[in-house]
Amino acid sequence: MPGQLYVVATPIGNLGDMVPRAVEVLHAVDLIAAEDTRHSGRLLKHLGIDTPLVAYHDHSDERQMGRVLDMLVQGQTVALISDAGTPLISDPGYRLVREARLQDIRVTPIPGACAAIAALSASGLPSDRFSFEGFPPPKTAARVKRFETLAESAQTMIFYESPHRILDTLRDMITTFGPDREAVLAREITKTFETFLTGTLTTILQQVCADSNQQKGEMVVMVKGNVDAVSASEAEQLRILKTLLDDLPVKQAAALAARITGGRKNALYQLALSLRPD
Ligand code: SAM
């Protein structure tokens with residue numbers, strides 16, 4: 001019987017967020033693979049858990065990953081944890097989970113805290129569609145380039161950022177997403193100084209500049225999608241349709257507009273009819 005790998009979320013600040021099932025699993029497994037054994041050692045001590053602990057990183061040497069996989073293949077159980085939150089979300093674990101799955105080992109998530117989801121859930125930004133963008137590149141040129149690829153995205157974007165880069169990142173966001181783009185900066189979630197700054201990128205930058213406390217701790221930046229991008233493309237469809245209607249009958253103009261813009265033929269036909277009923 002192959003073993004089982006548990007991917008266990010741990011709190012992102014408030015230890016009360018440790019879910020009971022995670023505690024049970026960490027007690028019961030044969031081994032805990034942790035991003036940082038000293039850091040996780042403190043959590044485990046607090047929980048009274050004395051399961052053997054080893055360090056695991058995606059850049060751990062092959063032998064280290066091999067040892068964990070061997071244990072799983074031999075039928076033992078392993079829990080993967082990171083310093084805080086959900087493993088693999090801007091944290092180690094991807095290589096281990098991937099290899100385990102390739103070797104037909106059962107992988108089970110034990111869900112819990114994740115800063116990105118906690119931040120989004122309380123942000124007031126649209127949450128029906130969103131993208132998790134992780135940490136932006138640390139160097140300005142690469143960061144601006146990354147933001148440029150996202151400038152037209154219509155969904156809410158979630159970024160992690162470190163305190164010493166937050167000012168540069170907000171400035172680069174203003175340059176690429178525009179000064180008036182709605183955003184939220186969530187800081188120290190679940191901790192004593194939890195703060196949500198809401199407004200535009202400009203007003204958030206002003207607040208962060210004015211209060212150095214806002215430049216401390218752990219933070220998530222969320223940027224509302226470019227909803228205008230959708231209407232801009234609709235406006236473009238309308239412009240092309242109107243031009244074609246100057247010379248073509250409604251049906252042909254709608255069909256051609258659909259081919260040029262990638263828009264829906266029927267919707268463009270209805271629009272053309274409303275513009276020029278034949
Ligand atoms: N795996 C973690 C998760 O599930 O959220 C994220 C790990 S990543 C290395 C650490 C980053 O997550 C921090 O730099 C910060 O951007 C964000 N983060 C973690 N805890 C946070 C908190 N309590 N409040 C705000 N952001 C947090």
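Counting convention: from 1, in listed order, for ligands and their atoms alike. Quick note: residue numbers are just sequence positions, from 1.
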Peer 1: Are any of the N/O atoms on I12, whether in the backbone or the side chain, positioned under 3.5 angstrom from an N/O atom of ligand 1?
Peer 2: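 The answer is yes, given that I12 and ligand 1 share an N or O pair closer than 3.5 Å.
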Peer 1: Among K145, E148, R165, R143, find the residue that satisfies the side-chain contact (heavy atoms from CB on, under 4.5 Å) test when tested with D172.
Peer 2: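 Single side-chain contact (heavy atoms from CB on, under 4.5 Å) partner of D172 among K145, E148, R165, R143: R143.
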Peer 1: Salt bridge check: are R239 and E236 linked by an N-O gap of less than 4.0 Å?
Peer 2: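 So R239 pairs with E236 through a salt bridge.
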Peer 1: Please report which non-hydrogen protein atom sits nearest to atom 8 (S) of ligand 1, along with the residue it belongs to and the distance in Å to one decimal place.
Peer 2: S90 O, 3.6 Å
Peer 1: Taking only heavy atoms of G85 into account, list the atoms of ligand 1 that are under 4.0 Å away from them.
Peer 2: 3 (C), 4 (O)
Peer 1: What's the shortest heavy-atom distance between K191 and I12, and which atoms?
Peer 2: CE-O, 3.4 Å
Peer 1: Could an N or O of ligand 1 be found under 3.5 Å from any N or O of F135, whether backbone or side chain?
Peer 2: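 No - when backbone and side-chain N and O of F135 are compared with those of ligand 1, no distance drops under 3.5 Å.
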Peer 1: What do the steps show when you test D70 against R67 for salt bridge (Lys or Arg N to Asp or Glu O under 4.0 Å), and what is the final call?
Peer 2: CA-CA 5 Å; D70 283 349; R67 273 197 287 269; over 6 Å; no
Peer 1: Given 3.5 Å as the limit, does a donor-acceptor pair link the side chain of R181 with the main chain of K224, or not?
Peer 2: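 At least one qualifying donor-acceptor pair exists.
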Peer 1: Got an N/O contact under 3.5 Å between A186 and ligand 1?
Peer 2: no
Peer 1: Write out the residue and atom name of the closest protein heavy atom to atom 24 (N) of ligand 1, then the distance separating them to 0.1 Å.
Peer 2: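 Looking at atom 24 (N) of ligand 1, the protein heavy atom closest to it is I189 N, 2.9 Å.
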Peer 1: With heavy atoms under 4.0 Å as the rule, classify the contact between K191 and ligand 1 as side chain, backbone, both or neither.
Peer 2: side chain
Peer 1: Does ligand 1 have an atom under 4.0 Å from some heavy atom of V220?
Peer 2: yes
Peer 1: Under 3.5 Å, N or O to N or O, is M219 touching ligand 1 that way?
Peer 2: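 Looking only at distances, the answer is yes, because the N/O contact criterion of under 3.5 Å is met.
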Peer 1: Starting from atom 7 (C) of ligand 1, which protein heavy atom do you reach first, and at what distance in Å?
Peer 2: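 That would be D91 OD2, 3.3 Å.
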Peer 1: Do any nitrogen or oxygen atoms of T86 lie less than 3.5 angstrom from nitrogen or oxygen atoms of ligand 1?
Peer 2: yes
Peer 1: Using a 4.0 Å heavy-atom threshold (strictly under), name the region of A84 that reaches ligand 1: side chain, backbone, both or neither.
Peer 2: backbone
Peer 1: Heavy-atom contacts with I89 under 4.0 Å: which atoms of ligand 1 show up? List them by number with element.
Peer 2: 1 (N), 2 (C), 6 (C), 7 (C)
Peer 1: Determine whether a donor-acceptor pair (N or O, by modelled atom type, separation under 3.5 Å) exists between the side chain of S274 and the backbone of L271.
Peer 2: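 Yes.
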Peer 1: Checking a contact table here: which protein heavy atom is nearest atom 25 (C) of ligand 1, and how many Å away?
Peer 2: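 The closest heavy atom on the protein side is E218 O, 3.3 Å.
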Peer 1: Would S82 count as being in polar contact with ligand 1, using the rule that some N or O on each side must be under 3.5 angstrom apart?
Peer 2: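 Min N/O separation from ligand 1 is not below 3.5 Å for S82.
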Peer 1: Whether the side chain of E188 engages the backbone of E218 through a donor-acceptor N/O pair (distance < 3.5 Å, no angle test) should be reported.
Peer 2: yes
Peer 1: Mind checking who shares a hydrophobic cluster with I204, ILVMFWY linked at side-chain heavy-atom distances under 4.5 Å?
Peer 2: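 Members besides I204, by chain and number: F147, L150, M157, F159, I166, L167, L170, M173, I174, F177, L185, L197, L201, L205, V208, M219, V221, V223.
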Peer 1: Under 4.0 Å between a side-chain nitrogen and a carboxylate oxygen: does that hold for E62 and R95?
Peer 2: yes
Peer 1: What is the closest protein heavy atom to atom 3 (C) of ligand 1, and at what distance does it sit?
Peer 2: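 Result: Y160 OH, 3.5 Å.
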Peer 1: For A115, is at least one N or O under 3.5 Å away from an N or O on ligand 1?
Peer 2: yes
Peer 1: Is it the case that the side chain of T86 and the backbone of A113 share a donor-acceptor pair, with hydrogens and angles ignored and the cut-off at 3.5 Å?
Peer 2: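 The answer is yes, because a donor-acceptor pair under 3.5 Å joins these two groups.
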Peer 1: Hey, is the main chain of A55 close enough, under 3.5 Å, to the side chain of Q64 for a donor-acceptor pair?
Peer 2: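 Looks like yes, one N/O pair under 3.5 Å.
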